[in-house]
Amino acid sequence: MSPNYFSDLNEQQRAAVMHTEGPLLILAGAGTGKTRVLTSRLAHIIDQKKAFPSNILAVTFTNKAAREMQVRIGNIIGSAIEGMNWLGTFHSIGAKLLRIHAEAANLKSDFTILDTDDQLKVIKEVIKILNIDEKRFPPRYFLSQIENWKNKGLPPEKVAKSEPDIIGHEKSVEVYSSYQKRLSRLNAADFGDLLLLPLKLLKENDGLLHKYQSIFSYTLVDEYQDTNSVQYLLLKLLSQRNLNIACVGDDDQSIYGWRGADVNNILNFEKDFSGAKIIRLEKNYRSTKNILGAARSLISNNKDRLGKELSSHREDAGDKVKIKSLYSAEDEARFVSDEIDTIISKNENLNNTAVLVRASFQMREFEDRFIINSIPYRVIGGPRFYERQEIRDVIAYLQLVVNPNHDLKFERVINTPRRGLGDTTLRKINDAARRDNISLYDISKKIIDTDELGASPRTQLKSFISMVDSWREKINKVDHITLTELILEDSGYVAMWENEKTPNSESRIENIKELIGQLSEFQSLAEFLDHVSLVMDVENDENTSKVNLMTLHSAKGLEFDYVFMPGMEEGVFPNQRSLDEKGNTGLEEERRLAHVGITRAKKYLFLSYAQNRRVYGNYTQSIPSRFLSEIAPEFIEEELIYDAYTQQYSSFSGKNNDQKNYTNGRTALERLQAIGHFDNLEYDDLTFNQDINISPNQRVFHTKFGYGTVTDCDNDRIEVEFKTGKKIVLASYLELVNND
DNA sequence: TCATTACTCCTTTTT
DNA sequence: GGAGTAATGA
């Protein structure tokens, strides 16, 4: 009688599943069976016929989490899962609402979703029109302002006009509102709009609000600690009526503060939803005692916590956490790949192994090494398929065909491949469009019958427009795959790559073929394009054995037997900018991120750091991350470091506390030379340009100081005037620059 | 119109 | 060491 989804649950988990009515907060530490509770709970509600699948709102943070939940619930409730229309990320659910009620938000239901690139382009346009100095206020600055406001649920009209403490505030407000107008004319919405506009609709329209309040009889939210204000307000509005809202979260895993996530949402849950029940899941089923101990000791350094102690359910203490110091970042990659080789030799499936990095630029080192050692790997959330140039071009063509008024895409494809419609022509078209206040496409149609353009651009433009029109005619006549192939053929886009004989033009064509292959999974172009903008990742083949390489952020929610966390260095992790901008708050978030990383590991965890790393192309010495010394020693096994220069063994903790001793006033390269350790440097760094002929007034380039002019020479000691002042440097570090 | 070159500023994390 | 940009030349 008792349904089988109860069978494996512990007491707290079971309580969380059973408590269906009224607000519920589940504080679930890492590895405490959170996903199982969520899926069982949903299955329980459906199984007990408390609600139809279509009456459940289930929100996750990533598409991957949504997919996984769908599969797991499907396994319990079978085909009834088909009815779960409202399971998805906040953004996909927002998009769905917005498409249904687009008109009310001043959009058409076939609006396109902008990516960051598009957003920046729009902002640049706006900046130009408003006559703002791009040097003083870079577009990115405005973008982050706008995003902040959107995260807080503030449309332009709700943002206070003046804010004396913040320079450029008024400008930002101005840019925001122009930006928004431009978006609506483009029939486009950005990611923030997918949440902000639905919120606005629900707030301003009682009928609509009541409708959705009664549709959603149960609401369930995953990763609640990462909700920002708009998301919180949306949830609150929608669940106000029946209050059947269950949120799952872990304050120790809150790592999206920079995206507006507000931990207070979780801290204030009891206040916001009166009578809320709180259940803690503290039994960890994932990690060994040593790994868990390491995680616990690290996170205990945070002050801002709800307080929650994870206890290990596993009997074995397991191996200690290994900490390894390496000479350079290259060495570090070699170390990781050697360790992976031994994992391979144990016949383990590599899918159980992950390399987690703080920032994506760190991935390159590992990819290079993995390729050399032929270790199979997959990058999760890295440079994505849909972000490749050729894919974006093709998608731009498709979007233009679906929505010809999409000026940004129009601009992107009008001269790709080359059609003799360059900057000058484009500027003329743009000016005319602004004058008549219509889209580039519309103005082009007019202009081709006047003599505003020269003869050649005019015929070129004419044929381009008629090409687009011919595709548009076919939208409803041929299927979307045929249409895409036709577009690629007519436009000469594929031919362009075929004619280019560079090494990667072939792989570009392969990528385009892959894209066409994916089209078959969708019913229409519009459906495909929506998928592309919302779900930026391509499904990875999970059946082949590959090492997982990803950022710590995208590792949340995953688990692996073997976890490597390289780059444990001050500045890298904790990230310097995070510290600079947010001080202690930033540090605590970095620490939570480290905690997330450590708790991904089930059996083996390797932390490592490089003593020297290239930053912006220059070798820089690094200090071991403070996080290393925050982990209680009893969980750690450290390999002492032999420093060839000081000829001493030392531990990371000593270095961390006494960096002066370590820096010693020399540059990295000088130090390398002193100890004769060259093998890890690249050839270029060691090529001494002894035969170059340097004389005063010569323009030169120095890898550290940049460009400068020679003022005096004394054999190989050269005095150079750099932007930052005069310096005497060795000739071997200089590169000649033409200066006629 | 397009290709090349000199130079500046970078880089956090994602839906 | 790499992307983006403004200036310059063909």
Side-chain angles (χ1 to χ4, degrees), chain A residues 59-66 88-95 113-117 119-120 124 134-135 138-140 144 147 150-151 189-195 223 226-228 230-231 254-261 356-365 380-382 384 387 389 415 418-427 454 456-457 460 533-537 550-556 567 571-582 586 589-590 592-593 596-597 614-619 682 684-685 699-701 703-704 706-708 723 735 737-740:
Chain A
V59 201
T60 61
F61 260 79
T62 63
N63 294 293
K64 209 198 297 161
T89 60
F90 269 109
H91 290 89
S92 65
I93 286 168
I113 299 167
L114 297 191
D115 55 33
T116 312
D117 259 37
Q119 289 180 281
L120 282 171
K124 277 183 193 165
E134 217 180 286
K135 288 268 143 53
R140 288 212 157 266
S144 78
E147 279 182 347
K150 289 192 174 177
N151 286 337
D190 65 16
F191 267 93
D193 287 342
L194 298 181
L195 306 178
E223 309 283 11
D226 287 330
T227 47
N228 59 30
V230 215
Q231 293 165 337
S254 158
I255 54 176
Y256 283 97
W258 50 275
R259 214 170 73 186
L356 310 181
V357 296
R358 170 69 247 261
S360 40
F361 71 83
Q362 293 170 261
M363 289 186 187
R364 244 199 66 184
E365 219 90 59
I380 295 182
R384 304 159 209 213
E387 281 170 6
Q389 183 195 343
N415 205 28
R418 301 257 131 81
R419 298 192 177 91
L421 297 166
D423 290 350
T424 319
T425 313
L426 192 55
R427 190 166 349 106
S456 160
Q460 292 293 339
S533 355
L534 284 169
V535 189
M536 284 298 277
D537 59 291
M550 69 188 96
T551 64
L552 285 153
H553 281 88
S554 37
K556 196 164 65 158
V572 176
F573 197 20
N575 176 277
Q576 192 57 47
R577 267 184 63 172
S578 199
L579 301 180
D580 291 346
E581 285 167 15
K582 297 266 189 76
E589 179 152 321
E590 294 288 304
R592 290 194 292 270
L593 194 52
V596 166
R614 289 179 95 129
V615 182
Y616 301 143
N618 303 313
Y619 267 96
E682 283 180 24
D684 276 354
D685 293 310
R699 288 290 281 163
V700 290
F701 178 80
T703 40
K704 189 161 177 193
Y707 288 86
K723 257 202 330 191
E735 210 175 285
V737 179
N738 289 331
N739 66 332
D740 349 59

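Reminder, nothing fancy here: chain letters follow the sequence lines and each chain counts from 1. Quick note: numbers below take in every heavy atom, side chains included, and nothing from hydrogens, waters or symmetry partners.
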Looking at [X], does any N or O in its side chain come under 4.0 Å of the phosphate oxygens OP1/OP2 on [N]?
X       : N       : answer
T62(A)  : dT14(B) : no
R699(A) : dC7(B)  : yes
N228(A) : dT15(B) : no

Heavy-atom side-chain proximity of [X] to [Y] below 4.5 angstrom:
X       : Y       : result
F90(A)  : V230(A) : no
N415(A) : L426(A) : no
L534(A) : L194(A) : yes
Q231(A) : D226(A) : no
L195(A) : H91(A)  : yes

Find the distance [X]:[atom1] to [N]:[atom2] and express it as a whole number of Å.
X       : N       : atom1 : atom2 : answer
F90(A)  : dT14(B) : CZ    : P     : 19 Å
Q389(A) : dG2(C)  : CD    : P     : 17 Å
N575(A) : dT14(B) : CG    : P     : 12 Å
L421(A) : dC2(B)  : CG    : P     : 8 Å
E223(A) : dT14(B) : CD    : P     : 14 Å
K556(A) : dT15(B) : NZ    : C1'   : 12 Å
R364(A) : dG1(C)  : CZ    : P     : 7 Å
Q119(A) : dT14(B) : CD    : C1'   : 12 Å

Worksheet item: Has the side chain of R259(A) got a donor or acceptor atom sitting under 3.5 Å from an opposite partner on the base of dT13(B)?
Response: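 Such a pair does not exist between side chain and base.
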
For the side chain of [X], counting heavy atoms from C-beta on, which of [options] is nearest?
X       : options                  : result
H91(A)  : dT15(B), dT12(B), dT1(B) : dT15(B)
Y707(A) : dT1(B), dT12(B), dT8(B)  : dT8(B)
R577(A) : dT1(B), dT8(B), dT12(B)  : dT12(B)
Y256(A) : dT14(B), dA6(B), dT15(B) : dT14(B)
R418(A) : dT1(B), dC2(B), dT12(B)  : dC2(B)
T551(A) : dT12(B), dT1(B), dT14(B) : dT14(B)
T424(A) : dT1(B), dT15(B), dT12(B) : dT1(B)
A359(A) : dC2(B), dT15(B), dT13(B) : dT13(B)
N63(A)  : dT15(B), dA6(B), dT13(B) : dT15(B)

Practice prompt. Would you please name every residue forming a side chain to side chain donor-acceptor pair (under 3.5 Å) with T551(A), sequence neighbours left out?
Written response: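 Result, side chain to side chain donor-acceptor pair (under 3.5 Å) vs T551(A): S554(A).
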
Discussion item. Could you tell me how far dT13(B) sits from dG4(C) if I compare only their P atoms? Round to whole Å.
Written reply: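 Each nucleotide's P atom is 15 Å from the other's.
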
Item to complete: Using a strict 4.0 Å threshold on nitrogen-to-oxygen distance, state whether K150(A) and E147(A) make a salt bridge.
Response: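 E147(A) and K150(A): not salt-bridged.
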
Sugar-phosphate, base or nothing in reach of [X], heavy atoms under 4.0 Å:
X       : value
S554(A) : sugar-phosphate
D423(A) : nothing
Q231(A) : nothing

Discussion item. If you assign each of E147(A) and S578(A) to its closest nucleotide in DNA chain B, which residue comes earlier from the 5' end?
Written reply: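 The 5'-side residue here is S578(A).
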
Fill in: Closest-nucleotide ordering on DNA chain B, the 5'-leading residue of L426(A) and E589(A)
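Nearest nucleotide further toward 5': that of L426(A).
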
Worksheet item: Is there a stack between W258(A) and dT13(B), judged by ring centres under 5.5 Å and planes under 30°?
Response: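 It does: the ring sits over the base of dT13(B).
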
Practice prompt. Would you give the length of the straight line joining atom NZ of K64(A) to atom OG1 of T89(A), rounded to the nearest 0.5 angstrom?
Written response: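 It comes to 14.0 Å.
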
Worksheet item: According to the interplanar angle, ranging from 0 to 90°, do the rings of F61(A) and Y256(A) count as parallel (below 30°), tilted (30 to 60°) or perpendicular (above 60°)?
Response: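 Taking Y256(A) first and then F61(A), their aromatic rings lie parallel (interplane angle under 30°).
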
N/O-N/O pairs, protein side and nucleotides 3-6 of chain C side, under 3.5 Å:
unit_1	atom_1	unit_2	atom_2	d
dT5(C)	OP1	K124(A)	NZ	3.3

